[in-house]
K.L.:
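Pasting a structure here, questions to come.
These values consider heavy atoms only, across backbone and side chains, with no hydrogens, waters or symmetry-generated copies. Atoms within a ligand are numbered from 1 in the order they appear, just like the ligands themselves.
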Amino acid sequence: MNPKVKEALDKSLALIESSVDPNKTYLEIFGKGGIFTVLAGEIKNIEPQNRAAFGRDLNSAKSQIEQALHIKRSSLVVSRSSGFIDITAPGKKQKIGHLHLVSQAIEEIVGIFTKIGFSLQSYPEVDWDWYAFESLNMPKNHPARDDWETFFVKAPASSRYGNQVLTPHTSNGQVREMERVKTFTPRSPKGEVGPIRMLNIARCYRRQIDVSHTPMFHQFEGLYVDKNVSIPELKGTFDFFTTNFFGPKRVTRLRPHHFRFTEPSFEVDVTCGVCLGKGCRICKSGWLELGGAGMVHPNVLKAGGIDPQKYSGFAFGWGIERTIAMKTELPDIRLFYQNDLRFLEQF
Ligand code: DAH
């Protein structure tokens, strides 16, 4: 090897040996004014007959230097960490989350009802007493209101709409929806409205907490208003929902009940997922209660500016957490909101 090349090679290898910053060392050798760069520039001063040999020596020195740099780089990666790093190991996968099971259920419920013509609407989470109670045939101080253990909001009341409340149920969307559809459907000369096929899904609030209640929960509310709407249509809608959400083996039944905003009113039950209606330790009777429903009360239609002589409708409102618990046989709905990943990751 040409002695000049040999000298530059030894110098470079010594630099690499003691280097703590291989990038800086690389520049000291191959950068502008670097040891190797200066040496390579001398090729023009070499006699023509020796140039080829000089070039070969340069190439061999260059590859030795590059290899030494490569080894140095790898050794630094290992020694900088406390232990051994396998640089060929695949990287750590980012943990990807998924939708909360309440959100998953909402998507599923919306999917089922949109198939039969309902459309999702959204109404205020803090609403007037008028929409939450009074327009639903529950006048001020009516004892029926006690069932909705309501949070009132400290805010100025309206002379027309009363106090503001955290919506205790999604039924506040009923009269609002009638007003919306009346405003936006182009009216025929005879003043026809609708039909209304609303699905209102929202957070609701009540002063209650135990295995089947949380102070914040979700409801989904359906409202269908048209001419000649009948109870069999209501039952058919629930059967469609039940088959799609709970599976084909489970069926619904209507049980007489009372709500101020429907007449007649029902509780909707679905057969228990464990015994399928026979009766077992979990359900006792074979049936589990889904939620309330009924034919919209004429006073509610009137409050929404719809003529009860011409139109009728049905409505229902069910808790989402309770509906999920009935599908998955969960014993305590407070689990939904404890943010325990061991629970949430199972869904
Ligand atoms: N709003 C009622 C509740 O929270 C449920 C309900 C019952 C909604 C009957 C309705 C209905 O639309 O028709 O308990």
K.L.:
Parallel, tilted or perpendicular: which fits the ring planes of H100 and F336, with parallel below 30° and perpendicular above 60°?
P.N.:
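Because their plane-to-plane angle lies in the 30° to 60° range, the rings of H100 and F336 count as tilted.
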K.L.:
Heavy-atom distance under 4.5 Å between the side chains of Q164 and D127, does that happen here?
P.N.:
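When only atoms from C-beta onward are counted, D127 and Q164 do not touch, as no gap falls below 4.5 Å.
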K.L.:
Less than 3.5 Å apart, N/O on ligand 1 and N/O on the protein: could you list those pairs with the distances?
P.N.:
from	atom 1	to	atom 2	distance (Å)
ligand 1	1 (N)	H169	ND1	2.8
ligand 1	1 (N)	S171	OG	2.9
ligand 1	4 (O)	W148	NE1	3.4
ligand 1	4 (O)	R206	NH2	2.7
ligand 1	4 (O)	Q219	NE2	3.1
ligand 1	12 (O)	Q174	NE2	3.1
ligand 1	12 (O)	E221	OE2	2.6
ligand 1	12 (O)	F316	N	3.3
ligand 1	13 (O)	A315	O	3.1

K.L.:
Can you tell me how the ring of H257 sits relative to the ring of F259, calling it parallel under 30°, perpendicular over 60° and tilted otherwise?
P.N.:
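Because their plane-to-plane angle lies in the 30° to 60° range, the rings of H257 and F259 count as tilted.
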K.L.:
Measure the acute angle between the ring planes of F316 and F238, then classify it against the limits of 30° and 60° as parallel, tilted or perpendicular.
P.N.:
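Judged by the thresholds at 30° and 60°, the geometry between F316 and F238 is perpendicular.
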K.L.:
Checking E233 against S230 for the side-chain hydrogen bond (donor to acceptor under 3.5 Å, both in side chains) test, could you report, in this order, the C-alpha distance in whole Å, the side-chain angles of both residues, the deciding distance, and whether it holds?
P.N.:
CA-CA 5 Å; E233 283 169 281; S230 63; 3.1 Å; yes
K.L.:
Cut-off 3.5 Å, side chains only: do E177 and Y123 have a donor facing an acceptor?
P.N.:
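A donor-acceptor contact under 3.5 Å links the two side chains.
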